Amino acid sequence: MIETDVLVIGAGPAGSSAARFAAKGGVDVIVLEKKSEIGFPKRCAEGVSKKIFDKLDLEMDPHWVTNEISGVRFVAPDGTDIWLSEDQIDLPDAGYVLERKVFDKHMAAVAAREGAEIRIKTQAKGLERQEDGTFIVTCESMGKTYDIHAKIVIGADGPESHVAKWAGLNEIIKPQHMVAGVQYEMCNAKMKRNDYLEFYFGSVAPGGYFWLFPKGGDVVNAGLGIITNMAEKSAYEYLVDA
Ligand SMILES: Cc1cc2nc3c(=O)[nH]c(=O)nc-3n(C[C@H](O)[C@H](O)[C@H](O)COP(=O)(O)OP(=O)(O)OC[C@H]3O[C@@H](n4cnc5c(N)ncnc54)[C@H](O)[C@@H]3O)c2cc1C
């Protein structure tokens, strides 16, 4: 059986960060990622604050930043809009628009350089806690099933975490705390300003908002999130109509 000190399940930003710092601390780390390509497909509008890079101890790299953001535009249900620039407010959620499929791979590579072993196309299928407090995780990769024995398991498998469920944690997300979201990455976009994130509120996205995050050139992430019990149709239909 494969032995490791730390087993991280999921190679998103959370898993790769955890793996990086655990490996840096000198322990053996394995990361499992069920997808064949880290960071793709994305479920993200890719807008981030510049501040996160200090927290993550990462230098900004133009390979994974597609656009720099200097402000936000909010559009009210009646069409009234307000433009806020970085000079006017401290923007917590603006800064850059990323290319997640590059950024997530970069973060995994940073973890690997610290010594973490990354196993893609490998899905954790179950977890069993041993009497001594260690864990056996069953994995499946390309038709083969095998076990990994780990002293610590980090569940970084995203919002629908199975690891939390297997570990007996309170993983139930109530429907009223869930939003339905859908997004297209589109070209031919004509934004009023290409360095502003735009948010539209009202019937365009009941209970949530419609967003346009410019990725540079004529490319945008155009998406929306709705609260389903306030909506009259699916998130996809709202997006098509937006
Ligand atoms: C529509 C939408 C728009 C968003 N926009 C933004 C935004 O603009 N800015 C922002 O900061 N955040 C945004 N977010 C949130 C952001 O995408 C998440 O917070 C972020 O991806 C969470 O990172 P994570 O590492 O926790 O999980 P994830 O990125 O979800 O990574 C989890 C990984 O675990 C893997 N995995 C799952 N189960 C297993 C398993 N059993 N075995 C092995 N691997 C497994 C998955 O394949 C995945 O790669 C958005 C989210 C959505 C849904």
Side-chain angles (χ1 to χ4, degrees), residues 7-21 30-53 55-56 58 64-67 69 72 91-108 110-111 117-127 135 137-142 145-146 148 150 153-167 171 173 177-185 197-199 205 208-215 220-227 235-236 238-239:
L7 181 66
V8 180
I9 300 175
S16 290
S17 295
R20 170 191 175 187
F21 289 104
I30 296 176
V31 183
L32 307 181
E33 172 52 56
K34 68 180 179 184
K35 292 187 293 198
S36 55
E37 184 176 351
I38 290 173
F40 182 83
K42 69 182 179 201
R43 285 197 295 184
C44 187
E46 303 178 296
V48 289
S49 157
K50 289 175 184 171
K51 286 181 192 156
I52 68 156
F53 300 108
K55 287 192 180 158
L56 292 172
L58 276 183
W64 38 258
V65 169
T66 64
N67 198 14
I69 297 302
V72 289
L91 292 169
D93 293 314
Y96 296 118
V97 178
L98 302 178
E99 192 66 73
R100 279 284 303 263
K101 64 177 183 275
V102 183
F103 177 70
D104 286 24
K105 285 188 194 81
H106 175 84
M107 291 199 67
V110 171
E117 179 188 332
I118 318 279
R119 296 182 172 222
I120 58 164
K121 257 187 154 177
T122 305
Q123 182 170 9
K125 300 292 276 187
L127 171 145
F135 298 90
V137 173
T138 304
C139 315
E140 194 179 278
S141 180
M142 292 179 274
T145 301
Y146 60 91
I148 298 179
V153 173
I154 297 177
D157 51 338
E160 304 102 1
S161 177
H162 282 79
V163 178
K165 195 174 171 185
W166 297 331
E171 90 296 350
I173 303 172
H177 296 150
M178 294 281 277
V179 296
V182 59
Q183 175 179 267
Y184 280 127
E185 183 171 327
L197 304 181
E198 296 196 5
F199 300 85
Y209 55 85
F210 167 70
W211 65 80
L212 291 171
F213 283 14
K215 292 193 70 171
V220 292
N221 286 326
L224 55 77
I226 58 168
I227 295 182
Y236 173 73
Y238 278 103
L239 183 59

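All ligand and atom numbering here is 1-based and tracks the order in the structure. All figures in this text were calculated on a predicted structure; none of them were measured in a lab.
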Which bit of [X] gets closer than 4.0 Å to ligand 1, counting heavy atoms only: side chain, backbone, both or neither?
X	answer
Thr122	backbone
Glu46	backbone
Ser16	neither
Tyr96	neither
Ile9	side chain

**Request:** State whether Glu99 and Lys42 are salt-bridged, where the test is any N-O pair (Lys NZ or Arg NE/NH1/NH2 against Asp/Glu carboxylate O) under 4.0 Å.
**Result:**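 No, Glu99 and Lys42 are not salt-bridged.
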Atom indices of ligand 1, in the order listed, that fall short of 4.0 Å to a heavy atom of [X]:
X	value
Trp211	1 (C)
Lys35	47 (O), 49 (O)
Ala45	3 (C), 4 (C), 5 (N), 6 (C), 7 (C), 8 (O)
Ala156	32 (C), 33 (C), 34 (O)
Phe213	8 (O)

Among all protein heavy atoms, pick the one closest to [atom] and tell me residue, atom and distance.
atom	answer
atom 7 (C) of ligand 1	Gly47 O, 3.5 Å
atom 26 (O) of ligand 1	Ala14 CB, 3.5 Å
atom 16 (C) of ligand 1	Arg100 NH1, 3.9 Å
atom 50 (C) of ligand 1	Arg43 O, 3.6 Å

**Message:** Below 4.0 Å from ligand 1: does a non-hydrogen atom of Lys125 turn up there or not?
**Reply:** no
**Request:** Mark the output for Gly181 as yes if a heavy-atom distance to ligand 1 is under 4.0 Å, and as no if none is.
**Result:** no
**Item:** Non-neighbouring partners of Phe53 that pass ring-ring contact (aromatic ring centres under 6.0 Å, His included), sequence neighbours left out
**Value:** Trp64, Tyr96
**Asked** Is there at least one pair of N or O atoms, one from Gln123 and one from ligand 1, spaced under 3.5 Å apart?
**Response** no
